[in-house]
Amino acid sequence: MIYTVTFNPSLDYIVSVDDFKLGLVNRTTDEIIYPGGKGINVSIVLSNLGFDSTALGFLAGFTGTEIRRLAEEKGIQSDFIEVNEGFSRINMKLRSNEESEINGQGPRISEGDIKKLYQKLDTLQDGDVLVLAGSIPSVMPESMYMDIMKYLEKKNLKIAVDATKDLLMNVLRYHPFVVKPNNHELGEIFGVEIKTKQEVITYAKKLREMGAVNVIVSMAGDGAVFVGEDGSVFESDAPKGKVVNSVGAGDSMVAGFLAGYLQTGKYSEAFKMGVCTGSASAFSEELATRQEVEAIMKTHKFNF
């Protein structure tokens, strides 16, 4: 079974305004509401690709109820923990002359709530896949990812981590199966500016040396790079298409990579699926469907 963890899920409220004017009443031309959060996005895309997963995390209040309903509507099996204090956040994205975002805070998560999460993690079996993705709410320990991986280190799990800076660096000693920074995040980790795929490969190999089993680095319009435990290095240009919505593209790449690996056991195929799934989401108003991914797989040329 695949499990995803989203510590701070959200309702993503996306509104379009033709010509937004600050300080005035503005009317929307379009409105969309999605269940949000990186782990939830991974679960949705996995479901679209034909893979079952269980979404874990924390929900609270009326917004939490709606997040659960929308996730289940998209075919997601969930086992969220109900938090008593506060309500799940609403993240608002404004599309107009410029894009702007306002992200909510989320509920207050207690030590008791965190213990309940560990109880759920106790049920994971050898061979399961766990996805840890996104930021950690300020009300939780900053070491949460590391704590979870330490807690689970005696189990034979494949753990994917999509996080930034210290959240990512602190888990490397526990050998995550795959990590997925983008090139800017990779540069921030090492205090450099990374511009080329060769530079990405150099620093991705450093993450491997520090403990990551596999590293996939997204580079937006410049494509992606993979450095694997078996010594393989793959590069790809970005598939051609019009970017409609970049939200969730990185999460989709993680989902596609895992789906490709579980389906074939080959890193080359996993990387191809990851690249095409990330692009399929970027080219779509919603997250990638299998049909959209397969269409890109047929037309995009890989040089390996």
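Index from 1, following the sequence.
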Could you tell me whether the side chain of Met149 reaches within less than 4.5 Å of the side chain of Pro176, counting heavy atoms only?
yes

Find out whether His184 and Thr164 are in side-chain contact, i.e. whether some heavy atom of one side chain is under 4.5 Å from a heavy atom of the other.
no

Glu142, CD atom: more than 12 neighbouring heavy atoms under 6.0 Å
no

Can Val247 be reached from Val131 by stepping across I, L, V, M, F, W or Y side chains whose heavy atoms are under 4.5 Å apart?
no

Hey, is CZ on Phe51 packed in by over 12 heavy atoms from elsewhere, all under 6.0 Å?
yes

Full working for side-chain contact (heavy atoms from CB on, under 4.5 Å) between Ile194 and Thr202:
CA-CA 10 Å; Ile194 296 176; Thr202 297; over 6 Å; no

Kindly give the heavy-atom pair with the smallest separation between Ser10 and Ile67, and that separation in Å.
C-CD1, 3.5 Å

Spacing of CD belonging to Glu188 relative to CG belonging to Asn183, to within rounding of 0.5 Å:
10.0 Å

With the side chain counted from C-beta on, respond yes when Asn26 and Lys21 share a heavy-atom pair under 4.5 Å apart, and no when they do not.
yes

Full working for side-chain hydrogen bond (donor to acceptor under 3.5 Å, both in side chains) between Ser279 and His300:
CA-CA 11 Å; Ser279 294; His300 183 58; over 6 Å; no

Would you find more than 12 non-hydrogen atoms of other residues, nucleotides or ligands less than 6.0 Å from Glu285 atom CD?
yes

Do other residues, nucleotides or ligands put more than 12 heavy atoms under 6.0 Å from Glu31 CD?
yes

Can you check whether Arg108 reaches Val83 side chain to side chain, under 4.5 Å on heavy atoms?
no

Measuring only between side-chain heavy atoms, which start at C-beta, is Phe304 closer than 4.5 Å to Lys272?
yes

Please say whether more than 12 non-hydrogen atoms of neighbouring residues, nucleotides or ligands are located less than 6.0 Å from NZ in Lys206.
no

Go through the steps to decide whether Ile14 and Arg95 satisfy the test side-chain contact (heavy atoms from CB on, under 4.5 Å), and finish with yes or no.
CA-CA 7 Å; Ile14 304 170; Arg95 293 176 176 170; 3.6 Å; yes

Thr29 (side chain) donor-acceptor with Asp18 (main chain) under 3.5 angstrom
no

Does atom CD of Gln105 have more than 12 heavy-atom neighbours, drawn from other residues, nucleotides or ligands, at distances under 6.0 Å?
no

Would you check if the side chain of Lys120 reaches a backbone N or O of Gly57 as a donor-acceptor pair within less than 3.5 Å?
no

Test Ser53 against Thr4 for side-chain hydrogen bond (donor to acceptor under 3.5 Å, both in side chains), laying out the working first.
CA-CA 7 Å; Ser53 69; Thr4 66; 5.1 Å; no

With Val161 as reference, evaluate Asn170, Val178, Val179, Ile148 under the side chain to side chain contact (heavy atoms under 4.5 Å, CB included) test and give the passing residue.
Val179

How are the rings of Phe271 and Phe234 set to each other: parallel, tilted or perpendicular (split at 30° and 60°)?
parallel

Is there a side-chain contact between Asp19 and Asn97 in this structure, where contact means two heavy atoms from C-beta onward sitting under 4.5 Å apart?
yes

Does Asn214 reach the main-chain N or O of Phe177 with its side chain, forming a donor-acceptor pair under 3.5 Å?
yes

Transitive ILVMFWY side-chain link Val215 to Val129, under 4.5 Å:
no

Under the criterion salt bridge (charged side-chain N to carboxylate O under 4.0 Å, His left out), I'd like the reasoning laid out for Glu294 against Arg290: C-alpha separation, chi angles, the key distance, then a yes or no.
CA-CA 6 Å; Glu294 289 177 346; Arg290 173 173 279 279; 3.1 Å; yes

Can you check whether Phe7 and Tyr145 have ring centres sitting under 6.0 Å from each other?
yes

Can you tell me if CG on Asn84 sees more than 12 non-hydrogen neighbours from other groups inside 6.0 Å?
no

Do the side chains of Phe283 and Leu287 join up, straight or via other hydrophobic residues, at under 4.5 Å, putting them in one cluster?
no

Do side-chain atoms of Lys38 reach the backbone of Asp162 as a donor and acceptor pair under 3.5 angstrom?
no

Should Lys197 and Asp237 count as an ion pair when the cut-off is N to O under 4.0 Å?
yes

Considering all heavy atoms, the nearest Glu72-Ser78 contact
OE2-OG, 3.7 Å

Any chance you could lay out the side-chain contact (heavy atoms from CB on, under 4.5 Å) test for Asp12 and Lys93, step after step, and finish with the verdict?
CA-CA 7 Å; Asp12 287 353; Lys93 171 173 278 192; over 6 Å; no

Less than 4.5 Å apart, side chain to side chain, heavy atoms only: is that true for Ile81 and Ile109?
no

Return yes when atom CG of Leu22 has more than 12 non-hydrogen atoms of other residues, nucleotides or ligands closer than 6.0 Å, and no otherwise.
no

Compare every heavy atom of His175 with every heavy atom of Val213, then report the nearest pair and how far apart it is.
CG2-O, 3.7 Å

Hey, what's the ring geometry for Phe257 with Tyr267, parallel, tilted or perpendicular (30° and 60° as the breaks)?
parallel

Mind running side-chain contact (heavy atoms from CB on, under 4.5 Å) on Ile159 and Tyr174 for me, showing each step along the way?
CA-CA 10 Å; Ile159 301 180; Tyr174 299 106; over 6 Å; no

Minimal non-hydrogen separation, Leu167 against Ser135, with atom names
CD1-CA, 4.3 Å

Check Met169 against Ile189 and note the closest heavy-atom contact, atom names and distance.
SD-CG2, 3.2 Å

Does Tyr34 reach the side chain of Leu70, with side-chain heavy atoms less than 4.5 Å apart?
no

